[in-house]
Number of protein chains: 2
Amino acid sequence: MAQEKNTEEQIIEAARKIFVKRGLDGARMQDIADEAGINKAMLHYYYRSKDKLFEIVFAEAFSKVVTPLGHILEGSKPIEEKIKELIDHYITGISQVPYLPIFIFSEVNQRPEIMIKRLNSQPSFGSVMNFMKEVIEAGKNGKIKEVSPIQLFLNIVALCIFPFVARPLIQGIFQQDNIQFDMMIEERKKMVADVILAWLKP
Amino acid sequence: MAQEKNTEEQIIEAARKIFVKRGLDGARMQDIADEAGINKAMLHYYYRSKDKLFEIVFAEAFSKVVTPLGHILEGSKPIEEKIKELIDHYITGISQVPYLPIFIFSEVNQRPEIMIKRLNSQPSFGSVMNFMKEVIEAGKNGKIKEVSPIQLFLNIVALCIFPFVARPLIQGIFQQDNIQFDMMIEERKKMVADVILAWLKP
DNA sequence: CCTTTGATTAACCAAATGGTTAAATCGGAT
DNA sequence: ATCCGATTTAACCATTTGGTTAATCAAAGG
């Protein structure tokens with residue numbers, strides 16, 4: 001199945017695939033071993049326990065989904081530009097790993113504790129706070145409507161991520177195949193910015 | 001724990017609590033029995049198997065979250081009114097069962113098949129299709145901007161539901177306690193309508 | 001060629017888990 | 001009081017599952 005790479009990485013790849021698909025509780029160590037094409041004992045030889053292995057996979061996934069939000073462009077571009085770029089980049093980024101958001105939300109929901117330390121060790125949120133100050137200031141200056149920066153942030157993330165979280169339902173309700181779904185996502189890169197900016201018009 | 005009601009309902013309540021919290025894979029029949037204050041064999045006596053029990057709990061949850069979307073107000077009110085009411089009613093409704101959305105999405109994601117027959121036997125989506133025609137017509141008449149009705153629908157649902165799906169993360173990032181979170185949700189009833197209607201302004 | 005050392009495997013183990021069963025208990029009808 | 005069906009329980013069972021162990025393999029170094 002997997003080719004002749006070093007075993008550690010083979011295992012992580014297999015674990016990622018199985019954990020993301022089935023969740024911590026649903027994943028079987030045997031399935032991970034099969035996916036990696038190795039003996040089950042190797043998993044413990046390299047990573048001690050199921051929990052340790054999951055921890056690594058989850059940390060990586062969390063980082064991929066949450067960290068980009070902490071990287072809101074600094075610089076001095078006008079706030080509308082920043083929002084446009086954030087939305088475009090974020091949707092593009094999530095499109096590369098479309099199954100991670102629901103995986104994250106689901107696991108965090110069942111075990112909120114696994115996220116707490118990770119948030120503390122996530123220094124990149126300084127720039128989010130910075131972005132929020134900008135929002136407030138731009139509101140006072142009349143450049144945009146005065147809105148709660150948290151609600152603005154939430155709205156952006158909701159519009160970007162939700163389609164991936166609800167993907168099977170959406171495709172079921174609207175009878176979309178994967179190509180149609182991807183086209184719809186592509187359309188959203190511009191549309192979500194339209195929605196947000198129309199709302200922010202002073 | 002649970003009082004002297006009839007056993008069937010006691011079991012369903014307990015099963016609901018455990019399944020929604022831990023998911024199908026994470027839930028233990030023994031935990032459900034303990035929660036209901038009865039012997040584990042009773043679960044099988046009344047509901048045969050874990051899967052059968054889960055099926056009932058899931059169907060009910062699915063109905064609570066998805067069906068209201070099919071009940072988009074008919075009548076002849078202007079489309080803006082309908083949108084406002086849908087948003088207000090839907091956020092209010094989900095607030096009563098805030099843990100159901102992530103439960104639904106998570107389980108549907110792991111087992112898409114459990115949703116398919118349920119969608120077919122969900123006739124109430126006729127009114128959604130009707131609503132979509134209205135959107136198109138209102139667009140052509142210049143009453144609102146011309147937008148994809150699917151994207152409109154998605155945006156509304158995303159803005160209403162996402163906060164509940166991402167709740168632990170949101171509270172972690174923004175250091176919100178439950179009261180602040182609830183206040184934020186309350187604020188959104190009006191705000192989400194503002195966002196959507198600003199976007200739809202012709 | 002032999003030894004050493006890390007990598008790999010088959011076999012095994014104990015605990016957990018969904019499910020079953022046979023006996024006991026309860027409650028109403030006769 | 002007794003019978004009878006429905007309900008409830010304790011004990012049990014087979015399978016699954018995460019994890020361990022002792023033996024084997026293979027490559028490097030001497």
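In what follows, chains carry the letters A, B, and so on, assigned in the order in which the sequence lines appear, proteins first and then strands, with residues in each chain numbered from 1.
At C:dT8, one or more side-chain N or O atoms of A:T7 fall inside 4.0 Å of OP1 or OP2 (strictly under the cut-off). For C:dG18, neither phosphate oxygen OP1 nor OP2 lies less than 4.0 angstrom from any side-chain nitrogen or oxygen of B:S49.
Counting to the nearest Å, the P atom of D:dA14 and the CE atom of B:M29 are 20 Å from each other. D:dA10 atom P lies 12 Å from atom CG of B:D34, rounded to whole Å. Here D:dT16 presents its C1' atom at 15 Å from CG of A:D25, a figure rounded to the nearest Å. The NE2-P distance, from B:H44 to D:dT8, rounds to 16 Å in whole Å. Straight-line distance from the NZ atom of A:K52 to the P atom of D:dT20: 11 Å, rounded to whole Å. Computed from coordinates, the B:L24 CG to C:dT17 C1' distance equals 13 Å when rounded to whole Å. Residue B:I11 contributes atom CD1, which lies 14 Å from atom P of C:dG19 at whole-angstrom precision.
The pair B:R118-B:E55 meets the salt-bridge criterion, since a charged nitrogen lies less than 4.0 angstrom from a carboxylate oxygen.
In the set D:dA6, C:dT20, D:dG19, D:dA6 carries the atom at the smallest distance from any side-chain atom of B:Y45. Among the nucleotides D:dG19, C:dG19, D:dA10, the one closest to any side-chain atom of B:N39 is D:dA10. Of the candidates D:dA10, C:dA7, C:dG19, the closest approach to any side-chain atom of B:A41 belongs to D:dA10. You'll find that the side chain of A:I38 is closest to C:dT9, out of C:dT9, D:dT9, C:dG19. When distances run from any side-chain atom of A:R28 to the nucleotides D:dA10, D:dG18, C:dT9, the shortest one goes to D:dG18. Side-chain atoms of B:Y46 lie closest to D:dT7 of the nucleotides D:dT7, C:dG18, D:dT17.
Ring pair B:F58/B:F54 is parallel by interplanar angle, where below 30° counts as parallel and above 60° as perpendicular.
A side-chain donor from one of B:Q151 and A:R188 sits under 3.5 Å from a side-chain acceptor of the other. Inspection of the B:Q10 and B:N6 side chains reveals no N or O donor paired with an N or O acceptor under 3.5 Å. In the model, B:N109 has no side-chain atom that pairs as donor or acceptor with a side-chain atom of A:R167 under 3.5 Å.
Looking at heavy-atom distances under 4.0 Å, A:M42 makes contact with a base. At a threshold of 4.0 angstrom between heavy atoms, the contacts of A:A33 with the nucleic acid are absent.
With hydrogens and angles ignored, no donor-acceptor pair under 3.5 angstrom links the side chain of A:K50 to the base of D:dG19.
If A:Q30 and B:K40 are placed on DNA chain D by their nearest nucleotide, the residue sitting closer to the 5' end is B:K40.
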